[in-house]
S.K.: 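Below are the structure tokens for one structure; questions will follow.
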Amino acid sequence: MGGGLIGARVSRAEDVRLLTGRAVFIDDVRPPGLLEAAILRSPHPHARIVRIDTAAAVAHPGVLAVVTGADVRALVHRPQPLIWRISPAGRETVAYPLAVDKVLYTGHGVAAVAAVDRATAEDALELIDVEYAPLPAVTTVEQALAPDAPRLHEDWPDNVAGRTVVAKGDVEEAFAQADVVLRETFRFARQLGAPLETRGVVATWDPFTSHLDVWLNTQGPHLARELFAEVLGLAVDKVRVRVPDIGGGFGSKAGFYGDQVVAAVLSRASGRPVKYVEDRRESFVATVHAREQRIDVEVAARADGTITGLRGTVHGVLGANFSTVGLSPCWTTAAVMAGPYAIPAVEVNVVGVVTNKPPYGSYRGYGLPKANFVHEHMVEALARHLGVDPHDVRRRNFVTDFPHQSPVFVYDSGRYAECLDLCRDAVRRAGWADRVAGARAGGAHVGIGYAFHNEVSAFAPSRIVNMSGLDHSGFDEAAVRIDSTGHVSVHTGQTSMGQGIHTALAQVAAHVLDVPLDHVTVISGDTDSAPYTGYGTAASRAAAVGGAAVLNAATRLRAKVLRIAAHVFEAAPDDLVIDEGVVSVKGVPGRSVTFADIGDAAYRRPHGVLPEDEAPTLHEREVYDPVNVATAFGCTAVLASVDVETGVVDLLGYLIAHDCGTVINPMIVDGQLQGGAAQAIGGALYERLAYGAAGEALTLSFAEYLLPTATVVPPFGVDHMETPADHIPGGFKGAGEAGVIGGGAAIAHAVEDALAEFGVRITSLPITPPDLLAAIRAGSDR
Amino acid sequence: MKAAPFDYVRASSVEMAVDALRDGAVALAGGQSLIPLLNARARRPAVVVDVSRLPLAGVEQVGSTLVLGAMTRLRAAETSPVVRRAVPLLAEALTHVGHVSVRNRGTVGGSVAHADPAAELPAVLLALDAVFSVRGRGGTREVDARDFFRGPHRTALAADELLTGIRVPLPPATARCGIAELSRRPHDLAITAVFTSVVLTGRVVTDVRIAVAGAAPVPLRAHAAEHVLRGEVFGPDVLAAAAEAAADATDPIDDVHAPAAYRRDMTAVLTRRALRQAVPA
Ligand SMILES: Cc1cc2nc3c(=O)[nH]c(=O)nc-3n(C[C@H](O)[C@H](O)[C@H](O)COP(=O)(O)OP(=O)(O)OC[C@H]3O[C@@H](n4cnc5c(N)ncnc54)[C@H](O)[C@@H]3O)c2cc1C
């Protein structure tokens, strides 16, 4: 094999449809008789629901169904599912799709209406009379842990949802023997994925067959089907989940949300299809939040810069109720806090704390950006303390022997020092040192910052994910077919959400089968027909795990094609070659048979072509469960300037050196890295979900929640290197989250470098102008 | 986010618009601020009077006055050669109002009537001593910019009055202008912005205007800062004193983007920068 398409910078098959407005997004799905739903949301961060009166809403013209939290609770078979239990002994929140008895955060759903259109549904919401008895709210970890704090869940003794620890080696000993111990406290603001298209669902309940037919812009259609079945008490075959085009996911669309169940319940109540699409305002309270943590760490090191121990506590500032993934993003921060460094002794506690905010869930990078910020900050701090180059500290501590058992995951392979050099070389080529010198000579404050990251991708072996407390598998099923005209279809459980997965999987199949790329179609998005994906499209796994499944299935299909062709030529399969869908005997260019000939024989005219012992059709299926995760890695360098009178940071340059094993399509990987980096910029400089003193939500639009726009995102440069994952067919590692991981630390370090004369240290994100100005002033007073 | 029900009237004449602007009615011009407010149900008028097609668009110079129709699109005013030549400060300020797509729809009258304390246009018109033409059922009246802005999103316009035009006395040809705006991202609504116009005779300041957006419930005219400069030789010391005087005049708010103290401090920084831009060292 070797069609040359793995590694080819081909343009994405998805783009023409997306760019010419031919995509069908959730809001374009309009079955006949469709109703639209709206959800009444709590104006209070914490309150008892004394009384709800829906009579006027029910009577409003155009309204077909109204449900309260209690109504929905009575109709479901179990509370909202939690699929990832990090702390087996920990407590679990019991939450239903809408609030019952108590609202726990601003925006908590209280009741829902289905009406002839959304405007009518919103009119009817205003007619629902809810009497609340407000309660005091907590929004910070300190408030939530105060001895006299109001408790969110009254049957709990406090607001701690769970504790666990990530440990390796003898930490006591490491700290006892240390030449240097450094401590720091970090704070990360609440942020969210904010895809351009908000979340939505169209649910149709068939009252005659008790089937639930769902259109859902989800990253995990199979998981959604399983969980719909669990929550509604249905057999899985009674639930069909179809996925339209998706306008971005970023993890926000990976979870299973209560509003999806509400739509199903409203359809059942009204006998009509029901659409619920969160509007942008609602998305700030209805889609999972992420990132918010307080981390206290200590690092032990020897005088030569060898890091011998790492310990600390990650406080996950959770929402009031668990999302589908519970405490796991915060556990992940602890699990990977040693990053690319071979730290022999690690002990990181994880404490989940509930607050009066929306659930905390997945967002590109999961726990990794915080872990990265912490270990990169500590490396720089140690280097400063010892008076050495931080890159020397990195190099001294890099994992060099693979496989490497980190506190939780086994790192399969890596060439960290080379990747660091690749990045520094890019900085050299870009002439940044001269730019810094020139700018400083002119009185400006310009600096360069670095961050090195590694990433647990290709998540994950079912065995490992189950052991980590995840109630779901990590395998991927794929089917590859050749039709009677010799064209190829690839069937996958993976979801296309703008990231180019269809193109990537088509490249893998075309490469293996040696057919032209435009002879391959990728089909996904319908649980009635799609192969099963154990986890969905998340955790940087689609190309690596899904790609490996396609590769294996295509490899077997290729073998069948060759067996049939061998029969035609009366030759041995090993003597045949395939080029662009044409099979011929090596060294005998005159004789050939095409994939179309073989397809025709496999489906329509087998007689005389298909070997006796060969079953008709050309169809191979593969279930691929990796034996290990794959660790991708990269290094980010940022050039930034700071206006010391205003505290405004400008990014002038952004370079990434990256290794995700075998690259399927460098253009797609560049795009993933750049998109992730843009989100890192948002997280480092702009994005913050803010809460007022009484716990009220202050960021409910893009005027308050600032995403990075084109004007603040600098040009990117990307360099690739390839260290294939030996254990994954194709050698692929994941790339979807990489861009977001190291950006925050690299930006912070560039700012610190620019402000070296003021001794500014960045230990919280985002870096806002007023905060940075205060730090600069504190520095000039010192 | 769907607006609460309302009746819609498209006004075909100023008289009709004024007549329709009664009993909880609201004028709709470019809709860049009103439509989001309607959709969030933050405003719930019984009637929306669409005034966007009234023949009130256009820019002309009449003697020593620039006359802008209220319905002139922000982008049309910004790119008008007349505005650029006659009142460069105004043309330059308009480039800071949102994005081009917002300026293509938004109108100068809408921006003034909306009276966002951080908006550029109200502040710059205050600096330029503009006069607003207002039409009500009783006829037309003129309101000076300094009397027009009453609070955040509050103006001298009565509920049944329509802003029809803006008259800007032309600054002297020798006036130099400077703008310093601080926003979280380019084209965002300003955290704080300062607009200046300076006339020098030799190095002596003979006329100066300083207006500040985003530092008080209304756009501010920094009279004390102007007073510090007027009659003085333009230089670092008076600049610093003027910047402090401008900051002293502020009465800013805290919001998610910046605390009040920051806006105050930035007023000083931006005043100095705007003046420096007008008159480079
Ligand atoms: C993304 C975005 C960014 C923005 N950035 C900025 C910015 O940086 N700076 C800035 O200043 N603004 C900004 N804005 C706001 C916007 O530019 C102006 O507020 C807007 O253009 C107002 O003009 P309009 O014609 O669209 O008014 P409309 O939205 O139609 O009306 C606004 C208000 O004025 C009233 N009104 C309109 N015309 C009249 C009239 N002739 N007489 C009486 N009342 C009237 C309306 O009743 C309403 O109350 C931004 C808006 C958006 C959407």
Side-chain angles (χ1 to χ4, degrees), chain A residues 36 38 60-62 115 117-126 189 198 277-283 643-650 681-682 685-693 697-713 766 768-774 777, chain B residues 1-6 32-33 35-42 44 96 98-102 116 118-119 180-194 214 240 243 247 252-274 276 281:
Chain A
E36 291 188 90
H60 190 67
D117 55 37
R118 173 79 184 222
T120 305
E122 289 187 20
D123 292 346
L125 292 186
E126 297 186 339
T198 55
V277 178
E278 59 173 10
D279 66 32
R280 182 59 66 189
R281 236 180 133 69
E282 290 181 289
S283 74
D643 181 334
V644 297
E645 285 185 332
T646 62
V648 170
V649 176
D650 262 321
I681 292 168
L685 299 176
Y686 300 102
E687 299 179 40
R688 185 165 62 101
L689 289 158
Y691 285 81
L698 300 177
T699 29
L700 293 171
S701 84
F702 284 146
E704 296 98 28
Y705 190 79
L706 306 179
L707 292 179
T709 49
T711 49
V712 299
V713 175
T768 67
D771 289 351
L772 189 57
L773 184 61
R777 286 179 176 171
Chain B
M1 287 210 312
K2 301 289 179 199
F6 57 79
Q32 296 304 291
S33 291
I35 296 289
L37 290 168
L38 291 178
N39 281 348
R41 299 191 177 211
R44 318 174 55 110
H96 291 268
H99 310 258
V100 172
S101 52
V102 169
D116 190 306
E181 173 160 335
L182 184 73
S183 54
R184 285 294 270 117
R185 302 166 303 185
H187 309 293
D188 279 346
L189 199 61
I191 289 179
T192 302
V194 176
I253 55 157
D254 286 314
D255 70 7
V256 292
H257 300 310
Y262 181 77
R263 289 186 158 86
R264 184 201 177 282
D265 292 355
M266 290 307 102
T267 301
V269 171
L270 298 172
T271 299
R272 185 163 37 73
R273 289 185 180 182
R276 262 289 166 233

S.K.: Give, as side chain, backbone, both or neither, the part of A:Phe702 having an atom under 4.5 angstrom from any heavy atom of chain B.
M.R.: backbone
S.K.: For B:Arg263, which atoms come within 4.5 Å of any heavy atom of chain A: side chain, backbone, both, or neither?
M.R.: neither
S.K.: So which residue, B:Ala3, B:Ala4, B:Pro5, ends up with the most heavy-atom pairs under 4.5 Å with chain A?
M.R.: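 Of the options given, most contacts go to B:Pro5.
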S.K.: Is there a donor-acceptor contact under 3.5 Å from the side chain of B:Tyr262 to the main chain of A:Thr646?
M.R.: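 Between the backbone of A:Thr646 and the side chain of B:Tyr262 there is a qualifying donor-acceptor contact (under 3.5 Å).
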S.K.: Would you check, one step at a time, whether the test side chain to side chain contact (heavy atoms under 4.5 Å, CB included) holds for A:Thr709 with B:His187?
M.R.: CA-CA 10 Å; A:Thr709 49; B:His187 309 293; over 6 Å; no
S.K.: Against chain B, label A:Leu773 side chain, backbone, both or neither, depending on which of its atoms sit under 4.5 Å from a heavy atom there.
M.R.: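 Answer is side chain: those atoms of A:Leu773 sit under 4.5 Å from chain B.
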S.K.: I'd like to know whether B:Asn39 forms a side chain to side chain contact (heavy atoms under 4.5 Å, CB included) with A:Arg281, so could you lay out the CA-CA distance, the side-chain angles of the two residues, the decisive distance to 0.1 Å, and finally the verdict.
M.R.: CA-CA 10 Å; B:Asn39 281 348; A:Arg281 236 180 133 69; over 6 Å; no
S.K.: Who are the ring-ring contact (aromatic ring centres under 6.0 Å, His included) partners of A:Tyr705, not counting sequence neighbours?
M.R.: A:Phe284
S.K.: Pick whichever of A:Ala690, A:Ala774, A:Pro770 has the most heavy-atom pairs under 4.5 Å with chain B.
M.R.: A:Pro770
S.K.: Who passes side-chain contact (heavy atoms from CB on, under 4.5 Å) against B:Ala193, sequence neighbours left out?
M.R.: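 B:Ala193 satisfies side-chain contact (heavy atoms from CB on, under 4.5 Å) with B:Glu181, B:Ala190, B:Phe195, B:Ala213 once adjacent residues are dropped.
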S.K.: Is there a donor-acceptor contact under 3.5 Å from the side chain of A:Arg688 to the main chain of B:Val256?
M.R.: yes
S.K.: With a 4.5 angstrom heavy-atom cut-off, which part of A:Leu700 approaches chain B: side chain, backbone, both or neither?
M.R.: neither
S.K.: Which one of A:Glu122, A:Glu282, A:Arg280 has the most heavy-atom pairs closer than 4.5 Å to chain B?
M.R.: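 Top count of heavy-atom pairs under 4.5 Å with chain B: A:Glu122.
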S.K.: Checking heavy atoms, do the side chain of A:Asp117, its backbone, both or neither come under 4.5 Å from chain B?
M.R.: neither
S.K.: Where the side chain of B:Arg185 meets the backbone of A:Ala710, is there a donor-acceptor pair that is under 3.5 Å apart?
M.R.: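 Not confirmed, B:Arg185 side chain does not pair with A:Ala710 backbone.
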S.K.: Looking at chain B, which one of A:Thr711, A:Asp123, A:Leu698, A:Val712 has the largest number of heavy-atom pairs inside 4.5 Å, strictly under?
M.R.: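 Top option by heavy-atom pairs under 4.5 Å: A:Asp123.
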S.K.: Check each atom of A:Ala119 against the heavy atoms of chain B and say whether the ones under 4.5 Å are side chain, backbone, both or neither.
M.R.: both
S.K.: Quick one: what part of A:Glu126 sits under 4.5 Å from any heavy atom of chain B, side chain, backbone, both or neither?
M.R.: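 It is the side chain, since no backbone atom gets that close.
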S.K.: For residues B:Arg184 and A:Pro769, determine if any side-chain heavy atom of one lies less than 4.5 Å from a side-chain heavy atom of the other.
M.R.: yes
S.K.: By a 4.5 Å heavy-atom criterion (distance strictly below it), what part of B:Asp265 contacts chain A: side chain, backbone, both, or neither?
M.R.: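 Only the side chain of B:Asp265 comes within 4.5 Å of chain A.
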S.K.: Would you say B:Lys2 and A:Thr120 make side-chain contact, with heavy atoms under 4.5 Å?
M.R.: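 Contact flag for B:Lys2/A:Thr120 side chains = no.
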S.K.: Identify the two heavy atoms, one from B:Met1 and one from A:Asp279, that lie closest to each other, and give their separation to 0.1 Å.
M.R.: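 Heavy atoms of B:Met1 and A:Asp279 come nearest at N-OD2, 2.5 Å.
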S.K.: With a 4.5 angstrom heavy-atom cut-off, is it the side chain or the backbone of A:Ala703 that approaches chain B, or both, or neither?
M.R.: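 Backbone of A:Ala703 only, per the 4.5 Å heavy-atom cut-off to chain B.
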S.K.: In the structure I gave you, are the side-chain heavy atoms of A:Glu645 and B:Met266 within less than 4.5 Å of one another anywhere?
M.R.: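 They are not in side-chain contact.
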